[in-house]
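Working notes, beginning with the structure itself.
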Protein chains: 2
Amino acid sequence: MAAPAILSRVIPMPLPKSMPPPLRAVGAAPGCSGCVLRELCLPHSTPDEALDAIVTQRLRVRRGETLVRRGDPFTALYAIRSGSCKSVVTTPGGQEQVAGYHIAGDVMGAEGIYATRYDCTVAVLEDSEFCVMPFDRLSALARDNRDLQRSVNEMLSREISRERRLMLMLGTMRAEQRLAAFLLDLADRYRARGYSSSEFILRMTREEIGGHLGLKLETVSRLFSRFHQDGFIRVQGKEVKLIDRAALQQLVDTAPA
Amino acid sequence: MAAPAILSRVIPMPLPKSMPPPLRAVGAAPGCSGCVLRELCLPHSTPDEALDAIVTQRLRVRRGETLVRRGDPFTALYAIRSGSCKSVVTTPGGQEQVAGYHIAGDVMGAEGIYATRYDCTVAVLEDSEFCVMPFDRLSALARDNRDLQRSVNEMLSREISRERRLMLMLGTMRAEQRLAAFLLDLADRYRARGYSSSEFILRMTREEIGGHLGLKLETVSRLFSRFHQDGFIRVQGKEVKLIDRAALQQLVDTAPA
DNA sequence: CGTAAGTTTGACTTACATCAAGTTTTGTGG
DNA sequence: CCACAAAACTTGATGTAAGTCAAACTTACG
């Protein structure tokens with residue numbers, strides 16, 4: 001198989017300086033068994049035996065680069081080891097929707113399995129590191145391992161649920177509810193990763209957040225200001241601190257009408 | 001395991017003609033190998049050997065009944081053999097979003113694999129017949145059959161793509177674009193099933209369509225009237241006839257601004 | 001055949017978008 | 001490290017697409 005576009009942009013892992021640059025290094029990669037993100041990234045059902053065979057290489061990608069492009073042949077799932085990115089879908093008319101804001105522990109690319117091509121472009125928001133999980137390898141491993149097969153199914157199913165929640169948000173909520181829900185969801189995800197769930201740095205611009213929530217950047221900015229004034233949060237550019245979570249939650253839960 | 005709610009309302013498999021109304025099983029499954037919907041329902045990779053073992057029973061459900069409820073334990077995927085339904089997600093605040101409008105050949109329930117519970121309520125829009133694919137059976141079959149395993153993955157992945165398109169629509173399009181996209185998508189799906197792609201009967205009310213597209217029923221109604229006046233379609237209640245597909249397509253493709 | 005559910009259409013309101021101008025932050029090269 | 005240009009952000013004034021409220025009409029079903 002021809003090397004997918006992405007591999008041509010691989011930056012060698014800086015770990016042991018002596019190691020040849022990636023592309024092999026299967027067992028040589030640190031493996032998932034000791035990874036702190038394991039619980040998030042692979043479903044709990046993932047069997048230990050398989051763990052260190054799934055990830056064949058690590059990739060470093062710099063802020064502003066593209067990890068996969070819409071239409072690229074599907075070859076692998078990518079897990080975020082560190083950093084963050086957004087996945088973007090585009091209408092025929094050129095409008096952009098940020099389908100996901102992904103942070104460490106998230107797995108991306110699952111939509112490509114059926115279509116054999118990725119249908120999102122994944123843009124890297126800060127210097128990041130990814131674990132590459134070639135899909136035919138994953139499938140082969142799963143064939144001999146019932147639990148791993150289940151893990152793959154769960155991973156896909158989890159993605160369906162995630163998107164359904166987003167759809168629900170876009171279809172039913174008003175602007176302030178969307179932003180509140182976004183912030184609370186983000187906080188939960190940071191907590192699950194052991195980071196502070198009340199204080200974090202947004203890696204997306206107001207425009208990108210707007211593109212995610214189906215709003216314009218001015219609306220996002222105004223809402224941040226309003227939440228700040230109302231004492232729900234403290235914002236300073238990209239730094240956000242949640243002050244009154246209950247209030248945000250109540251915003252989300254309260255029917256608009 | 002306790003009998004899942006859905007199955008408790010099912011009558012044992014081999015059965016006579018005279019059954020009490022709702023949710024009734026309609027006899028031993030004829031198998032998928034001769035089914036006209038096979039191409040749509042199961043991915044092309046599905047191996048012949050597995051085909052007749054996947055569906056264990058057929059269910060008849062009458063209009064207005066509920067096939068699965070949000071929160072029910074996940075046990076099976078359901079394929080629509082004939083008829084149609086909507087799947088509904090609900091916000092904490094009680095707002096409803098119609099996550100999908102499903103017609104013959106569609107498979108539902110995939111989101112439950114991860115969560116072990118369904119997270120949509122599926123309401124039946126007209127008297128319909130379903131093929132029940134118990135998931136542990138499907139998994140077991142897939143374990144011994146690489147192609148079937150792939151089919152399951154593809155089925156899930158296809159659902160992710162479907163939802164992503166809907167998300168894109170909700171996040172970026174204006175009302176008239178949404179309705180146009182909805183009609184064109186529906187037409188395509190009918191064509192793929194061998195039905196007329198230019199003339200069909202909507203089984204959803206204006207309110208349900210609105211709930212699907214993130215609009216209010218009055219807006220949907222007005223748009224139908226406008227499309228009618230503009231000569232794009234001909235509407236008469238639930239009967240719709242597409243007249244000028246190109247015009248609808250152009251609406252969808254034209255950037256709003 | 002009658003009643004309830006669904007649909008259409010109009011008048012009015014509103015949440016968010018758009019346009020615009022000024023301020024702050026970021027990142028780069030001297 | 002600073003300077004300065006570009007990008008990102010904030011805030012106000014105004015516009016508009018879609019929502020809300022309301023009333024009359026049509027369709028479907030028990």
Side-chain angles (χ1 to χ4, degrees), chain A residues 62-65 86 93 95-98 123 125-127 169-180 182 201-230 233-240 251 254-257, chain B residues 21 62-65 86 95-98 123 125-127 169-180 182 201-230 233-240 251 254-257:
Chain A
R62 291 204 301 196
R63 170 216 172 97
E65 298 281 321
K86 60 170 180 175
Q95 295 275 99
E96 286 194 353
Q97 166 74 18
V98 177
L125 297 169
E126 63 189 307
D127 296 1
M169 185 181 82
L170 292 173
T172 68
M173 292 185 183
R174 287 176 305 104
E176 56 174 19
Q177 295 181 291
R178 294 183 201 186
L179 188 63
F182 172 71
I201 302 206
L202 297 166
R203 299 296 177 174
M204 292 203 287
T205 65
R206 304 284 126 116
E207 187 169 19
E208 289 166 326
I209 295 170
H212 188 43
L213 304 180
L215 305 170
K216 292 295 161 189
L217 72 297
E218 294 95 329
T219 304
V220 175
S221 178
R222 277 185 243 272
L223 286 170
F224 271 125
S225 302
R226 207 167 92 212
F227 285 178
H228 185 104
Q229 284 182 341
D230 294 349
I233 65 175
R234 187 155 292 270
V235 230
Q236 162 80 283
K238 311 220 170 214
E239 289 164 51
V240 176
L251 260 187
T254 305
Chain B
R62 291 205 303 196
R63 170 217 174 98
E65 298 282 323
K86 61 170 180 175
Q95 294 277 99
E96 286 194 353
Q97 166 72 19
V98 176
L125 298 170
E126 62 188 307
D127 295 1
M169 184 180 84
L170 292 172
T172 68
M173 294 186 184
R174 288 177 303 104
E176 56 174 21
Q177 296 181 292
R178 294 183 200 187
L179 187 62
F182 171 71
I201 300 202
L202 297 167
R203 300 294 177 175
M204 291 204 288
T205 65
R206 304 286 125 114
E207 188 169 20
E208 288 167 327
I209 295 170
H212 188 43
L213 304 179
L215 304 170
K216 292 295 161 191
L217 72 297
E218 295 95 330
T219 304
V220 175
S221 179
R222 276 184 243 274
L223 285 170
F224 271 126
S225 302
R226 206 167 93 213
F227 284 179
H228 185 103
Q229 283 182 342
D230 293 350
I233 64 175
R234 188 154 292 269
V235 229
Q236 162 81 284
K238 311 223 170 215
E239 290 164 50
V240 175
L251 260 188
T254 304

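A note on names: the letters A, B, ... follow the listed sequences, proteins ahead of strands, and every chain is numbered from 1.
- Contact detail for B:T219 and B:A175: the closest heavy-atom pair is CG2-CB, 4.1 Å.
- At whole-Å resolution of the value, CG in B:L213 and P in D:dA18 are 12 Å apart.
- Rounding to whole angstrom units, CG of residue A:L179 and P of C:dA15 are separated by 17 Å.
- Atoms CZ (B:R226) and P (C:dT8) sit 15 Å apart, rounded to a whole Å.
- Ranking D:dA18, D:dA22, C:dT7 by closeness to the B:S221 side chain, first place goes to C:dT7.
- When the options B:L215, B:L179, B:L223 are evaluated for a side chain to side chain contact (heavy atoms under 4.5 Å, CB included) with B:I209, the one that passes is B:L179.
- With C:dT7, D:dA22, D:dA18 as the candidates, the nucleotide lying closest to the side chain of B:A175 is D:dA18.
- A:G210 comes within 4.0 angstrom of nothing in the nucleic acid, heavy atoms only.
- The CG-C1' distance, from A:L217 to D:dT11, rounds to 12 Å in whole Å.
- Taking CD of B:E218 as the reference point, atom CD of B:E207 lies at 9.0 Å (rounded to 0.5 Å).
- When heavy atoms are screened at a 4.0 angstrom cut-off, A:Q236 is found touching the sugar-phosphate backbone but no base atom.
- Rounded to an integer number of Å, the gap from CZ of B:R174 to P of C:dC16 is 17 Å.
- When the side-chain nitrogen and oxygen atoms of A:K238 are compared with OP1 and OP2 of D:dA8, none of them lie within a distance under 4.0 Å.
- The distance from atom CZ of B:R203 to atom P of D:dT27 is 17 Å, rounded to the nearest whole Å.
- At the heavy-atom level, A:S225 lies under 4.0 Å from the strands shown only through sugar-phosphate atoms.
- Under a 3.5 Å cut-off, the side chain of B:R178 and the backbone N or O of B:L213 do form a donor-acceptor pair.
- Side chain of B:T219, nearest nucleotide from C:dT9, D:dG19, D:dT11: D:dG19.
- With distances taken from any side-chain atom of B:L215 to the nucleotides D:dC9, C:dT9, D:dG19, the minimum falls on D:dG19.
- The base of D:dT27 lies outside donor-acceptor range of the side chain of B:R206, with no N or O pair under 3.5 Å.
- At a cut-off of 3.5 angstrom, the base of C:dG27 holds no donor-acceptor pair with the side chain of A:R63.
- If you measure from atom CD1 of B:I209 to atom C1' of C:dA5, you get 15 Å, rounded to the nearest angstrom.
- Contact of the B:T205 side chain with the B:L217 side chain is not registered, since no non-hydrogen atoms from C-beta on lie closer than 4.5 Å.
- The CD atom of B:E218 sits 14 Å away from the P atom of D:dA18 (whole-angstrom rounding).
- With hydrogens and angles ignored, a donor-acceptor pair closer than 3.5 Å exists between the side chain of B:R222 and the base of D:dT20.
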